[in-house]
Amino acid sequence: MSGEAAIRRAVVEDAAELAALAERTFVQAFGARNRPEDLELHVRTSYGVEIQRSEILDADVATFVVECDGELIAYVQLAQGAVPPGVSGARPIEIRRFYVDAPWHGRGLAQRLMSAAVDFAADAGADVIWLGVWEENPRGIAFYRKCGFSVVGAHTFVVGTDPQRDVLMARRAGRDSVP
Ligand SMILES: CC(C)(COP(=O)(O)OP(=O)(O)OC[C@H]1O[C@@H](n2cnc3c(N)ncnc32)[C@H](O)[C@@H]1OP(=O)(O)O)[C@@H](O)C(=O)NCCC(=O)NCCS
């Protein structure tokens, strides 16, 4: 992890490595606090070469990856889609996934990736960026607060068969409010 970390839009050739990164980072973050059968079901239905390939090709999804020394070490996915109650704005966009590989936590990479996501949202014409984060993820919530998000509600996110409470957070899409 000595080289320069570069952020770029994902391409289909990234699908296999992105699938591996997505599974690895989800398990790192949440594996210990979910039942193995729920984790296995979530992983099986969310991550895989074909799944990430179709996400990369989806016109309503924007996937950015961070590459360092030829390896993917973080990614973010933004998506246009259904917007839950509590999220305002005429043109909201969702940060659907935001994951940094564990060795890179606490090193400022997440802030750089968030800036890229905010720039993309602004360029795409969004006025509000929103996301859901598990209520039992204090570091994630603290990170998003640091990035200018505030709590606007809550909704349910199902991991496997387990309905979990996600905190809904939102912020303006303008670049000027990036800390
Ligand atoms: C969430 C994530 C992207 C944040 O990136 P990061 O580099 O770890 O972020 P930071 O180190 O800046 O931490 C953010 C804040 O969390 C708090 N924090 C740090 N370590 C913490 C810990 N162990 N427990 C609770 N809060 C913690 C601090 O307030 C910190 O801000 P500060 O350093 O200015 O005090 C990263 O931790 C990650 O990928 N986690 C796993 C996936 C995830 O949870 N994604 C988001 C939800 S889908």
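Worth saying up front: this structure is predicted, and the values here are computed from it rather than measured. Just so you know, ligand 1 is whichever comes first in the structure, and atom 1 is the first atom listed for that ligand.
- Regarding atom 5 (O) of ligand 1, its nearest protein heavy-atom neighbour is A110 CB, 3.2 Å.
- Residue Y99 approaches ligand 1 through these ligand atoms, each under 4.0 Å from one of its heavy atoms: 39 (O), 42 (C), 48 (S).
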Verdict with supporting geometry, R24 and E17, salt bridge (charged side-chain N to carboxylate O under 4.0 Å, His left out)
CA-CA 10 Å; R24 180 168 79 249; E17 204 184 338; over 6 Å; no
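- In terms of polar-atom proximity, defined here as any N/O pair under 3.5 Å, W104 makes no such contact with ligand 1.
- Counting protein heavy atoms only, atom 26 (N) of ligand 1 is closest to R139 CA, 3.6 Å.
- In terms of protein heavy atoms, atom 39 (O) of ligand 1 is closest to V100 N, 2.9 Å.
- In terms of protein heavy-atom proximity, atom 6 (P) of ligand 1 is nearest to G106 N, 3.6 Å.
- Between the CD atom of E71 and the CG atom of L21 there is a distance of 10.0 Å, given to the nearest 0.5 Å.
- Checked against the 6.0 Å centroid threshold, Y47 and H42 count as a close aromatic pair.
- F64 has its ring centre less than 6.0 Å from the ring centre of F120.
- Between C68 and W104, some side-chain heavy-atom pair lies under the 4.5 Å cut-off.
- Atom 15 (C) of ligand 1 has A142 CB, 3.7 Å as its closest protein atom, hydrogens excluded (heavy atom only).
- There is no protein heavy atom closer than 4.0 angstrom to atom 2 (C) of ligand 1.
- Remark: aromatic rings of Y75 and F98 are distant, center separation not under 6.0 Å.
- When each atom of ligand 1 is checked for a heavy atom of N137 under 4.0 Å away, the hits are 43 (C), 44 (O), 46 (C), 47 (C).
- Within 6.0 Å of the CD atom in E37, the count of heavy atoms belonging to other residues, nucleotides or ligands exceeds 12.
- A side-chain donor from one of T161 and D38 sits under 3.5 Å from a side-chain acceptor of the other.
- Contacts of Q111 with ligand 1, taken as heavy-atom pairs under 4.0 Å, involve the side chain alone.
- Remark: ligand 1 and F30 share no N or O pair separated by less than 3.5 Å (distance only, no angle test).
- Protein heavy atom nearest atom 46 (C) of ligand 1, with residue, atom name and distance: Y144 OH, 3.2 Å.
- Here Y75 has no heavy atoms under 4.0 Å from ligand 1, in either its backbone or its side chain.
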Apply side chain to side chain contact (heavy atoms under 4.5 Å, CB included) to V151 and Y144, showing your working.
CA-CA 10 Å; V151 174; Y144 293 132; over 6 Å; no
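- Distance from atom 30 (C) of ligand 1 to its nearest protein heavy atom, with residue and atom name: K146 NZ, 4.0 Å.
- Looking at atom 9 (O) of ligand 1, its nearest protein heavy atom turns out to be F143 CD1, 3.8 Å.
- Ligand 1 does not have F26 within reach: every non-hydrogen atom of the residue lies 4.0 Å or more from it.
- Inspection of the Q52 and D14 side chains reveals no N or O donor paired with an N or O acceptor under 3.5 Å.
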